[in-house]
Amino acid sequence: MVRHPLSKTSNKYLRKYRKWPHSPYKTLWHHNFGENQAMRILKQAAKTSTMASSHDNLNLNHPCLLSTLIHSFKTYSCDPTPNAFYFLFKTLSHTSRLHDIPPILDHLEHVEKFETPEYIFGYLIRIYGRFGKIQEAVDLFYRIPKFRCAPTVCSLNLLLSVLCRNRECLNMVPQILLKSQHMNIRIEESTFGVLIKALCRFNRVGFAIEMLNCMIDDGYNLDDSICSLIISSLCEQRDMTSVDALCFWGDIRRLGFCPGVMDYSNLIRFLVREGRGRDALDILNQMKEDGIKPDIVCYTMVLSGVVADRDYVKADELFDELIVLGLVPDIYTYNVYINGLCKQNNLEEALKILASMEDLGCKSNVVTYNTLLAALCKARELSKARGLMKEMKLKGVEPNLHTYRIMLDGLIGNVEIIEACLLLEEMLEKRFYPRSSTFDNIIHEMCQKGLVKEALELMKKIVAESFAPGARAWEALLLNSGSELTYSETTLSGLVKPKESQLSKWMGGFSELKANLLSIQDDVLHFAGTVRFHL
DNA sequence: TTAGGGTTAG
């Protein structure tokens with residue numbers, strides 16, 4: 001109804017100028033008022049019903065919301081509105097009373113005359129999906145026309161996404177698509193989006209690409225968001241080769257796909273992970289040619305790819321380039337760059353970067369220190385490594401498992417056994433364990449130095465922690481305990497229960513160490529048993 | 001407009 005501006009001459013409906021009296025319920029205002037009042041009653045009833053349902057799991061005393069709806073609208077001489085039904089469905093779903101929905105749908109189908117809006121069905125399909133009532137969702141979809149509603153791709157997409165969430169329901173999809181054709185629903189790009197998303201979720205990226213190709217062959221537009229989705233899924237795949245990925249990338253680019261920063265970033269990450277630093281660099285250059293400024297993350301990833309390729313000249317170029325572009329290197333960038341310097345054995349420069357990082361507002365972290373510590377240990381610069389470990393602690397950077405393992409290996413490599421033992425003590429206190437081979441080396445070196453008793457103590461301690469020493473440790477102990485047994489004759493190291501005869505042979509002749517050995521024997525047997533049980 | 005995506009080690 002079009003309202004005219006109020007004027008004394010034109011508006012006959014103003015009480016003052018009205019020629020004919022009319023029923024108090026005939027104006028739009030009254031109509032709206034009636035509907036609002038009816039809704040108010042319905043909402044009140046729904047509130048009571050919700051409270052009842054929270055106290056009454058058997059649903060025995062719920063007022064019938066449908067009859068409340070009908071009566072409240074009747075009281076105000078209005079026809080029930082679609083919104084009132086929508087409200088009813090929402091109330092029922094919020095109180096998990098899905099069994100009350102079918103009678104209301106029957107009423108809606110057979111009694112009401114209005115064209116039911118599609119969003120109501122969309123809502124119900126989603127709710128049925130959420131409650132795992134797949135068949136109900138499908139039946140309702142087929143039934144939509146009976147409610148004087150022409151279903152569109154919206155309902156179809158909703159139903160498909162419900163089905164696609166569940167692997168077992170995927171086989172229903174073709175039938176639904178076929179039926180939707182008979183229902184005059186026109187499939188859109190969004191429908192392909194739903195299906196492709198499902199295929200990606202189930203790691204069937206190959207099929208997703210096939211579907212994208214079908215979509216293009218059928219004359220649909222290439223959808224950028226679908227391409228982005230496939231790229232991100234594709235880059236998560238383990239069995240996808242970089243050749244496949246680059247091939248797909250080239251194809252969709254030729255078809256007009258405009259990648260965003262995240263698409264480039266996903267592809268670069270994938271290529272670097274695959275060891276294709278050079279290809280990652282090409283993509284970075286492509287990005288620049290496309291007028292998209294790569295951000296620090298893209299640069300850092302490509303930098304790490306180039307460092308992995310040992311192309312240090314390129315790494316330097318890239319680092320300079322990102323600075324020129326105005327990007328600010330962050331901790332990841334510095335760590336990658338420092339790693340590159342360490343790989344070139346340019347430790348002096350790497351340490352200089354560490355020193356200057358903080359002046360540039362970037363705080364070093366455990367990765368920075370681990371990288372440098374490993375390089376220093378490798379270069380046998382043990383005193384510098386010790387100093388750096390002290391420094392990191394002073395700066396509040398907590399050493400992690402790797403820090404200890406790096407330092408421990410460094411100490412053993414330099415035959416600093418006593419210091420290694422002290423560090424190992426510190427590690428064990430933090431419940432960090434060395435690599436098995438490192439531990440074996442420690443035991444081996446201790447035995448070499450005649451510290452057999454201490455080695456046994458250490459062995460006992462670590463076995464009590466459920467740590468499994470390796471073959472070399474047992475062999476070192478056996479050989480240095482004066483036993484005639486060699487490692488090949490024992491099966492203890494393989495965590496297989498040793499024969500009693502072997503153990504007694506092993507024990508024999510070491511009166512001094514016997515007590516220790518016996519208790520170790522118990523621990524090892526217990527431990528071996530546990531491990532075998534779990535295997 | 002922003003975040004997301006990124007580093008080391010066996």
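Here is the naming used below: chain letters follow the sequence lines, and residue numbers restart at 1 for every chain.
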- Identify whether any heavy atom of A:Arg435 sits under 4.0 Å from a base atom; if not, whether one sits that close to sugar-phosphate; answer base, sugar-phosphate or nothing. base
- Are A:Cys298 and A:Met287 side-chain neighbours, meaning at least one heavy-atom pair lies under 4.5 Å? yes
- After noting the C-alpha distance and the side-chain angles of A:Phe270 and A:Trp249, does the key distance pass the ring pair (Phe, Tyr, Trp, His ring centres under 6.0 Å) rule? CA-CA 12 Å; A:Phe270 173 76; A:Trp249 178 265; over 10 Å; no
- Query: With a non-hydrogen cut-off below 4.0 angstrom, is A:Ser437 in contact with a base, only sugar-phosphate, or nothing?
  - Reply: base
- Message: By the 4.0 Å heavy-atom rule, please label A:Asp409 as base, sugar-phosphate, or nothing.
- Response: nothing
- Heavy-atom distance under 4.5 Å between the side chains of A:Cys154 and A:Tyr119, does that happen here? no
- May I ask you to decide if the ring planes of A:Tyr123 and A:Tyr86 are parallel, tilted or perpendicular, using 30° and 60° as cut-offs? perpendicular
- Whenever both distances are under 3.5 Å in a Watson-Crick or G-U wobble pair, mark it; put DNA chain B into dot-bracket that way, with [ ] for crossing pairs and | when the partner is on another strand. ..........
- With a non-hydrogen cut-off below 4.0 angstrom, is A:Val272 in contact with a base, only sugar-phosphate, or nothing? nothing
- Message: Looking only at side-chain N and O atoms, does A:Thr152 offer a donor or acceptor that is under 3.5 Å from a partner on A:Glu118?
- Response: yes
- A:Lys384, NZ: over 12 other non-hydrogen atoms inside 6.0 angstrom: no
- Please list residues of residues 345-359 of chain A whose heavy atoms come under 4.0 Å from any atom in DNA chain B, ordered by number; otherwise none. none
- Answer with base, sugar-phosphate or nothing: what part of the nucleic acid does A:Asn266 contact at a heavy-atom distance below 4.0 Å? nothing
- Message: Mind checking if A:Thr333 touches a base, just sugar-phosphate, or nothing, with heavy atoms under 4.0 Å?
- Response: base
- Within a strict 4.5 Å, meaning less than it, do heavy atoms of the A:Phe439 and A:Leu458 side chains meet? yes
- Item | Close side-chain approach of A:Phe207 and A:Ile196, heavy atoms under 4.5 Å | no
- Item | Boundaries of the DNA chain B segment in contact with chain A, non-hydrogen, under 4.0 Å | B:dG4 to B:dG10
